[in-house]
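Order of appearance sets the numbers: ligands from 1, and atoms from 1 within every ligand. Hydrogens, waters and symmetry mates play no part in the numbers below; they use all other heavy atoms, side chains included.
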Amino acid sequence: MTAAPTTLLRTAAELDALTRPAGARRAVAMTMGALHDGHATLIRAARKAVGPEGQVVVTVFVNPLQFGEAADLDRYPRTLDADLALAAGAGADAVFAPSVDEVYPGGDPQVRIVAGPMGERLEGASRPGHFDGMLTVVAKLLHLSRPDAAFFGQKDGQQLALVRRMVRDLNFGVDIVAVPTVRDPDGLALSSRNRFLGADERRTALALSRALFAARDRLAAQQAPRASAEAVPGGDDRAARLTGLGEARAAADSQAVTAARTAVGPAAVRAAAQAVLDEAAEESVPLVLDYLALVDPADFTEIPDGREGGEAVLAVAARVGATRLIDNIPLTLGA
Ligand SMILES: Nc1ncnc2c1ncn2[C@@H]1O[C@H](COP(=O)(O)OP(=O)(O)OP(=O)(O)O)[C@@H](O)[C@H]1O
Ligand SMILES: CC(C)(CO)[C@@H](O)C(=O)[O-]
Ligand code: BAL
C-alpha cells in the first residue's frame, strides 16, 4: 500500500494556513532532513500519540545557526524528495521545509535563546554556540507550528534535555516526548552523518555503541552479585561468624560478596567503555575520542565517583575520519 502523499509547505504563511479539525491534536517532529528509520520512528510515535484524527507535521531545515564548521554545514546531506516519501510512509500529514531566508528573513537573528551552562558542557564545549542556535530554531519552529507535542530522539540526549529545560523555564506550554535511540542491528546509532562513513570507518565507528554496551554490561555484572549479596541474610556478620568457626573459604566468599556490593560505581562504568574506545584508537582507521562522560540526565553535569545510585547517561562523541558521531545510553546506577 502506498502512503497518502504529505503536503509540502515552503513558507511560514503556508504552515500558518494549515488547518486541523476542531479538537485534533498536532504533533511535530523536527529534523534536518536526510531522513532515516530513527526519524521514521519519531514520526510514527507522533502519529500514534495524536491518533488518526490528529495532525503530524515534520520540519526539515538545516539550521545554519547551529553549525560551527562551514564545511559541516556545506556537506550536510539534503535529500528532500526521499524525505517526503519517508515522512509520508511514517504517517506525516505535512512537511514544512522552509528556506534559510524564510526562517531568518532579516539575516541571522539579533535576539537568540541562550542555552546557559548546561549548553556549554560536552557537545556545547566541542561545538561552541551550537545549542544557542539549536534552541533558537526550535523556539521558532514551535511558534510557527504551534503543536501540542514535540518529539525528540534520545540519541541527541543533551539536545533533548535542553529543549525540556527551555520549555519549562520559558513556559512554552508544549509536551516534549522522548523517543529511544534506533540502532542498526550491529548497534550503530542511526544518524544522517553515517552515510559519510566508508566501510572501514563504519567498522571503527561501531566502537561507540560497543563502548556503551560494555559499560552497561559491566554495571549489570556488578549488580548481579550485589543482588545475591542482598539475598544473603546477615552479610558481614555472617562472614565474621564463619571466620570464627574456621570456615575460611566460606568467609572469603562472603567477603567477595560484600566487596561486590560496594564495587558498583561510576569509575568502573567509565573504565569499561574507555577500554573499548582505547582499542579503537589503535585501529588502522582510528577513532579519535572527543569525550566520554557519565552525566546526570537532568543537567549533564559529571557524576562524581562517590555516587553509587540514581539515573545517569553515559555519553560519547568521537571522530572517525572526517565524520563526527555521538551516542549515549541511559543507565541506572546501583539498581
Ligand atoms: N537513531 C535515532 N533514533 C532516534 N531518534 C533519532 C535518531 N537519529 C536522530 N534522531 C532524532 O531525530 C531528530 C532530528 O535529528 P537530525 O535530523 O539531526 O538527525 P540525525 O540523524 O541526528 O543527524 P545528524 O546527527 O547526522 O545531524 C532529533 O530529535 C534526533 O534526536
Ligand atoms: C532539533 C533540530 C531539528 C533543530 O535544528 C536539530 O538539532 C536536529 O535535527 O536534531
Ligand atoms: N542531530 C543534532 C543536530 C546537529 O548535529 O547539528
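- For A29, no heavy-atom contact with ligand 1 is shorter than 4.0 Å.
- Among D156, T41, L188, the residue whose heavy atom lies closest to atom 10 (N) of ligand 1 is D156.
- Relative to atom 5 (O) of ligand 3, the option among K155, R193, R324 with the closest non-hydrogen atom is R193.
- At a heavy-atom distance under 4.0 Å, only backbone atoms of M30 (N, CA, C or O) approach ligand 1.
- When heavy-atom distances to ligand 1 are checked against a 4.0 Å cut-off, L42 comes that close only through its side chain, counted from C-beta outward.
- The protein atom (non-hydrogen) at minimum distance from atom 1 (N) of ligand 3 is D156 OD1, 3.0 Å.
- At a heavy-atom cutoff of 4.0 Å, ligand 2 is contacted by the backbone of T31 but not by its side chain.
- A side-chain donor-acceptor contact under 3.5 Å links E302 to the backbone of L294.
- Residue contact check for ligand 3: H130 places a non-hydrogen atom closer than 4.0 Å to it.
- You'll find the side chain of L289 reaches within 4.5 Å of the side chain of Q274, heavy atoms only.
- One option in M32, Q66, H130 has a heavy atom closer to atom 5 (O) of ligand 2 than any other, and that option is Q66.
- In this structure, atom 3 (C) of ligand 3 lies nearest to the protein heavy atom Q66 NE2, 3.4 Å.
- The protein heavy-atom contact nearest to atom 22 (O) of ligand 1 is K155 NZ, 2.8 Å.
- Taking all heavy atoms of M134, E123, R127, Q159 into account, the minimum distance to atom 4 (C) of ligand 3 is reached by R127.
- Of all the heavy atoms of H39, the ones lying under 4.0 Å from any atom of ligand 1 belong exclusively to the side chain.
- Between the side chain of R25 and the main chain of E53, no donor-acceptor pair closer than 3.5 Å is present.
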